[in-house]
Amino acid sequence: MRYSQYLLPTLKETPADAEVISHQLMMRAGMIRKVAAGVYNYMPFGLRSIRKMEQIIREEMNKAGAIECLMPMANPGELWQESGRWEKYGKELLRFKDRKNADFCMGPTHEEVVTDIVRNTVNSYRQLPLNLYQIQTKFRDEIRPRFGLMRGREFIMKDAYSFDIDDAGADKSYAKMYQAYRNIFNRCGLKFRAVEADSGAIGGSFSHEFMVLAESGEDGIVSCDTCEYAANIEKAELYYRDMETATATAPLQKIDTPDQRTIEDVADFLNVTAQQLVKTLIVQTSKDEVVAVLLRGDRELNSIKLANLLDVDWALLAEDDVIRQVTAAPVGFAGPIGLTIPVYADSEVRGMADFVVGGNAADVHYIGANHGRDFAVTRFADIRQAVAGDPCPRCDGGKFESWRGIEVGHVFKLGTKYSDAMNATVLNDKGQAQSLVMGCYGIGVGRTVAAAIEQNHDENGLMLPMPLAPFQVLVCMLNPKDDEVREAAEKLYAELESVGIEVLLDDRDERPGIKFKDADLIGIPLRVTVGARTLKEGNVELKARATGEQTEVAVDKIVNKLEQLVAEGLNF
RNA sequence: CGGGGCGUAGCGCAGUCUGGUAGCGCACCUGCUUCGGGAGCAGGGGGUCGGAGGUUCAAAUCCUCUCGCCCCGACCA
């Protein structure tokens, strides 16, 4: 490709609305342009990386035995009504009507459609296992799209769905996908971790997320410093193997705490640490229950764990008027003593005695409070947010480390949730109808490219690894008006094309400074500079974008050298 | 959904408080010079100031409504 005839609109300045580095660089390098909030054009240069990502995914999926198909973006509402998600999915599901006033939605994921395919075309266990995948544009009307391709509303996703006759088969399908995902992200040169995750709105029983490690990641992850355990912070289990129920030693005492509402206020006022306080949260659930939740003063509630414990869709902190009604006190003085609603306490609270709690009255707290003696706990359970330093639930002595990650892939074991709801059965070897056991597996294509940029850039621009780079080699023709330079660069360009190397020839009539700055910005892994200075010696200059390493190579050796470097997939 | 901020040329911004008929840098076009890390000089094109309504002799500027975009929050007890 000739730069002079290509559409590669680079920006000298960072667009004002781009916050994270991948978004800024994708804009500046002319890879994407925004059309609306969370909706982007893939410009020619960016599309090349996207397509490479897709191809890596496609190859690994095929190798793992999955079969590519393509389902529609516009989904009939009736399929979603059948699964129950038409009501349940919420506002992220973009719904609309066709001219006959029939319900439709833009597919945010395709369990319904793929289940419909399989129930209509697969009748026997002999046709299983089956894994169908597609690489397709999805639409989710996100509350807050942000960070360019990182969280768009419209985005390209690879989604795969496995169908098995039984759990054991589903486990095998899951394991294959898990391995395929490892291969995919390894091929992209990404630093990532597979972590245990909450299965969220898609539903199901078990799942892993593939997290690319990056400061800008939206997800918190913890991993054990000793064993293999790693999990999304939403899911990370906490288990106290030596925790004993604490015994009360102090008497319960009511004390005045005028205007001391927050944990910090109360701790300071009583001259104790937050660890000696137990905070009482009033929580409202999707089933319209109100419960109290007890946590050590410095801990945070994990509302996903709580929702799972209570078997509800969501469990959120109650509105102020509900708190006032339940506690008969102003907000800030809730406590477990005398409450009539169920009280759920974090496991950690079991080991606490003689603590401070709110008094359910204005300006009153209790000290010397004890569960069992002063109030009853409906149930102790793991309901708090994990933090660095917490004990590992899987091994003895391991401690959590924490970091940020970008979720680029997610594998779920779904079970029979959708096949039951949509009556997708096959006959088993005894001739009986049996629900299919499903799994689903997604990769955010654009997000993975963005994540790769988060991990591979410097202050001058992109440094995408060879497998994802839009081109493999940039030939930088300095001063096209110099006949010798032009002819040498043109010849090199033609030769590289003929051996199948993806080459961009910068034949623009621009000053060297502009060409070098653009070269660094767009970050093609290998740059060959053809200029009068080195050409006199019969050489061109070879520079690796990622390392900055630079060397002169004879004109008649450069094609071989580049072929070799590209084949190795490495910057030298 | 709540809070904050911003919409003026392709990009980055000034002008808005204090109303007087739109400007700077980059980019773009023409010419000359220049040519190994974002050149110089000269000339030039491009904006219904997000939209609608209102106040006024006069509105980018003041008022009302509206649309779009960005950020933060949605864990206060």
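We name chains A, B, ... by the order of the sequence lines, and we start the count at 1 in each one. Note that the structure is predicted; figures quoted are calculated from it, not measured.
Cation-pi check for Arg48(A) over Phe471(A) is met; the charged atom lies under 6.0 angstrom from the ring centroid and within 45 degrees of its normal. For Arg379(A) and Tyr344(A), the positive end is not near the middle of the six-membered ring at less than 6.0 Å and at most 45° from its axis.
For rG36(B), the OP1/OP2 oxygens have no side-chain nitrogen or oxygen of Arg533(A) closer than 4.0 Å. For rC1(B), neither phosphate oxygen OP1 nor OP2 lies less than 4.0 angstrom from any side-chain nitrogen or oxygen of Arg144(A). Here Arg146(A) does not reach the OP1 or OP2 of rC70(B): none of its side-chain N or O atoms lies under 4.0 Å away.
Distance from the side chain of Val331(A) is smallest for rC76(B) among the nucleotides rA39(B), rG36(B), rC76(B). In this structure, the nucleotide among rG12(B), rU34(B), rG38(B) sitting nearest to the side chain of Lys12(A) is rG38(B). For Glu19(A), taking side-chain heavy atoms from C-beta onward, the closest of the listed nucleotides rC71(B), rC76(B), rU34(B) is rC71(B). The side chain of Asp520(A) lies closest to rG37(B) when the candidates are rG36(B), rG37(B), rG38(B). Out of rG12(B), rU34(B), rC1(B), the shortest distance to the side chain of Ile143(A) is found at rC1(B). Closest contact between the side chain of Leu317(A) and the listed nucleotides rC11(B), rA77(B), rG38(B) involves rA77(B). Considering only the side chain of Ala37(A), rC70(B) comes nearest among rC70(B), rC71(B), rA77(B). Side-chain proximity of Glu13(A) to rG12(B), rA77(B), rC71(B): nearest is rG12(B). Distance from the side chain of Ile514(A) is smallest to rG38(B) among rC70(B), rG38(B), rG37(B).
Not a single donor-acceptor contact under 3.5 angstrom links the side-chain atoms of Glu510(A) to the base of rG38(B). The base of rG37(B) sits within donor-acceptor range of the side chain of Arg527(A), with an N or O pair under 3.5 Å. Donor-acceptor pairing under 3.5 Å, judged by distance alone, is absent between the side chain of Lys34(A) and the base of rG10(B).
Residue contacts shown for Gly531(A) include a base, since a base heavy atom lies under 4.0 Å away. Using a 4.0 Å heavy-atom distance criterion, Leu316(A) is classed as making no nucleic acid contact. Among the atoms of the strands shown, only primed sugar atoms or phosphate atoms (P, OP1, OP2) are found under 4.0 Å from some heavy atom of Pro15(A). Counting non-hydrogen atoms under 4.0 angstrom, Thr327(A) reaches nothing in the nucleic acid. Residue-level contact check: Asn302(A) touches the bases, meaning some heavy atom is under 4.0 Å from a base atom. No contact: Asp482(A) has no heavy atom under 4.0 Å from any strand. As judged by a 4.0 angstrom heavy-atom cut-off over every strand, Ala329(A) is placed among residues making no nucleic acid contact. Contacts of Gln385(A) with the nucleic acid, taken as non-hydrogen atoms under 4.0 Å apart, are absent.
Under the Watson-Crick and G-U wobble criteria, each requiring two contacts below 3.5 Å, nucleotide rA14(B) is left unpaired. In a base pair of the Watson-Crick type (N1 to N3 plus N6-O4 or O6-N4) or a G-U wobble (N1-O2 and O6-N3), with each distance short of 3.5 Å, rU34(B) is matched with no nucleotide. Remark: rC28(B) base-pairs with rG44(B); criterion is Watson-Crick or G-U wobble with both hydrogen-bond distances under 3.5 Å.
Counting to the nearest Å, the C1' atom of rA77(B) and the CG atom of Asp259(A) are 13 Å from each other. With rounding to whole Å, Glu264(A) atom CD is found 10 Å from rC76(B) atom C1'.
Along RNA chain B, the nucleotide closest to Thr534(A) and the one closest to Arg33(A) are compared, and the more 5′ of them pairs with Arg33(A). Along RNA chain B, the nucleotide nearest to Gly513(A) and the one nearest to Ile323(A) differ in position, and the one closer to the 5' end is contacted by Gly513(A).
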**OP:** May I have the step-by-step check of salt bridge (charged side-chain N to carboxylate O under 4.0 Å, His left out) for Asp458(A) and Arg545(A), ending in yes or no?
**Re:** CA-CA 10 Å; Asp458(A) 64 13; Arg545(A) 175 65 181 88; 2.7 Å; yes

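Between His365(A) atom NE2 and Ile337(A) atom CD1 the span is 11.0 Å, to the nearest 0.5 Å.
Judged purely by atom type and a 3.5 angstrom limit, Lys279(A) uses its side chain to pair as donor or acceptor with the backbone of Arg299(A).
Salt bridge status for Arg140(A) with Glu92(A): absent, with no side-chain N to carboxylate O gap under 4.0 Å.
A side chain to side chain donor-acceptor pair (under 3.5 Å) with Asp17(A) holds for exactly one of Lys34(A), His23(A), Arg146(A); it is Lys34(A).
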